[in-house]
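A quick write-up on the structure given underneath.
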There are 2 protein chains.
Amino acid sequence: MTAPTPRKSPRQHRAQATCAAILEATARILESAGPESLTTNRIAERAGVSIGSLYQYYPDKQAILAELVRAQRAALLADLNAAALLAEGLDLRATVPLLIAASLKHHAHRPLLAQRLEAAEKTLALDAETAALKAQIDALVVKVLAQRGVADPRQAAFDLAAMVNGWADAAVMAGDSDTVALAARMTRAANGYLGLVPGSVR
Amino acid sequence: MTAPTPRKSPRQHRAQATCAAILEATARILESAGPESLTTNRIAERAGVSIGSLYQYYPDKQAILAELVRAQRAALLADLNAAALLAEGLDLRATVPLLIAASLKHHAHRPLLAQRLEAAEKTLALDAETAALKAQIDALVVKVLAQRGVADPRQAAFDLAAMVNGWADAAVMAGDSDTVALAARMTRAANGYLGLVPGSVR
DNA sequence: GTCTATAGCAAGATAGAC
DNA sequence: GTCTATCTTGCTATAGAC
């Protein structure tokens, strides 16, 4: 029922700074203390603004979280788009690692934040804009796979996304920071899923 | 700091029933409303006991959750043990689907509960007993893989567990109820990861 | 546009009767 | 062993001064 968008678009400089500070403070609390400890008072304190200012820009706590989730999805879409451009003209075997690397990028940057935001996303009722972003992400991967002759590309896109996401979460939480090696292992699994035989490059 | 075990071991019949009712009520609230709505008052109400009785057996809310998590881990360990027995004498290719099926069983039974409990586990500080169960689960899988000649079985056990878990969560949340087909697709990926070529049964 | 102060409320947990 | 009644705490969100 509540609109999870900011109350006003912050047009002035200091207002933009306030919004940014609120978002960054939320991210840091999520990383350091987890969702249980995420209270509006704490966000305001950590952002260096008062609780009153916070409610000037966000109607409620969920709206702040929703904005972070939206930003994360938008970044993923952008990276996947870049990967798709890079992969243009390449075959399936060469494309898969590019998609995996793009998906992994966020988990590598701020791993804990990425994981907690994904967890929050499952609880939150996502707004229209975030849902649209998710749909675009899905459509993009489906298209890339379909162009390269994958059978049932919708199913494959879903499965590969699920595989990579959960796996990445677990890996970063266990302290695995070698993203390159992780991506290589994931690629082995993805190739097996897609029916690509390992050695037969010739 | 707080011991996440029941205050007293319920030795009498009605006390056991009370404990069971509390656990089941917690599970149902988790399934139907999510972790945000999980309050001690609600648990007591749904269990048909008073809040006072609840605190007679559990020192705090976390302890109830911890017990559910522990039960889930214990069940997984039991199922994996059964799978390992079944797999005795079988080669790697035949063993992998058995392990996957065992891991998938819980997600299939009460999918939402399994997913929410795993999410809770990441937030909770897990008690010694649950940690021990996790270690046993890990050791079991490592042993099974090592016996069948998998290189770096520790890494493989971790990766396969991460892959299956995250993937299963996403699948059940999307409403995919065909566990058999899901297990088959996962097996393709696992085989690829392990370097097993698809067609070459011979 | 930002602040302080606080209303209003719900949660966790306890005391003490039965 | 179980209950009702209640204390205490801390959260969300608002009102109104500056």
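By convention in this document, chain letters (A, B, ...) are assigned in the order of the sequence lines, proteins followed by strands, and residues within each chain are numbered from 1.
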Just the atom pairs and distances: protein N or O near nucleotides 10-12 of chain C's N or O, under 3.5 Å.
| unit_1 | atom_1 | unit_2 | atom_2 | d |
| --- | --- | --- | --- | --- |
| C:dG12 | OP1 | B:Thr40 | N | 3.4 |
| C:dG12 | OP1 | B:Lys61 | NZ | 3.1 |
| C:dG12 | OP2 | B:Thr40 | N | 2.8 |
| C:dG12 | OP2 | B:Thr40 | OG1 | 2.9 |

| query | Below 4.0 angstrom from OP1 or OP2 of D:dC3, is there any side-chain N or O of B:Ser53? | reply | yes
| query | In terms of the nearest nucleotide of DNA chain D, which residue is placed more toward the 5' end: B:Thr18 or B:Ile51? | reply | B:Thr18
| Whole-Å gap separating C1' (C:dT4) and CG (A:Leu54) | 15 Å
| Summary of ring-ring contact (aromatic ring centres under 6.0 Å, His included) pairs that have at least one residue in residues 146-196 of chain A, sequence neighbours excluded | A:Trp167-B:Tyr193, A:Tyr193-B:Trp167
| request: Return no unless some side-chain N or O of A:Tyr57 is found under 4.0 Å from OP1 or OP2 of C:dT2. | output: yes
| message | What is the distance, to the nearest angstrom, from the OH atom on A:Tyr58 to the P atom on D:dT14? | response | 16 Å
| task | Output yes when B:Arg110 and B:Glu31 qualify as a salt bridge under the 4.0 Å nitrogen-oxygen rule, no when they do not. | result | yes
| note | Residue pairs meeting side-chain hydrogen bond (donor to acceptor under 3.5 Å, both in side chains), one or both in residues 171-183 of chain A, sequence neighbours left out, come to A:Asp176-A:Arg185
| task | In whole angstrom, give the distance that lies between atom CD of A:Gln56 and atom C1' of C:dC3. | result | 11 Å
| A:Ile51 and its side chain to side chain contact (heavy atoms under 4.5 Å, CB included) partner, picked from A:Ile43, A:Thr39, A:Asn41 | A:Asn41
| query | Under the criterion side chain to side chain contact (heavy atoms under 4.5 Å, CB included), which of B:Ile100, B:Leu194, B:Val141, B:Val96 is the partner of B:Leu160? | reply | B:Leu194
| request: Take B:Leu104 and B:Met186 through the test side-chain contact (heavy atoms from CB on, under 4.5 Å) and record every step on the way to the result. | output: CA-CA 10 Å; B:Leu104 230 54; B:Met186 285 181 175; 3.8 Å; yes
| When you match A:Ser37 and A:Gly52 each to their closest nucleotide on DNA chain D, which lands nearer the 5' end? | A:Ser37
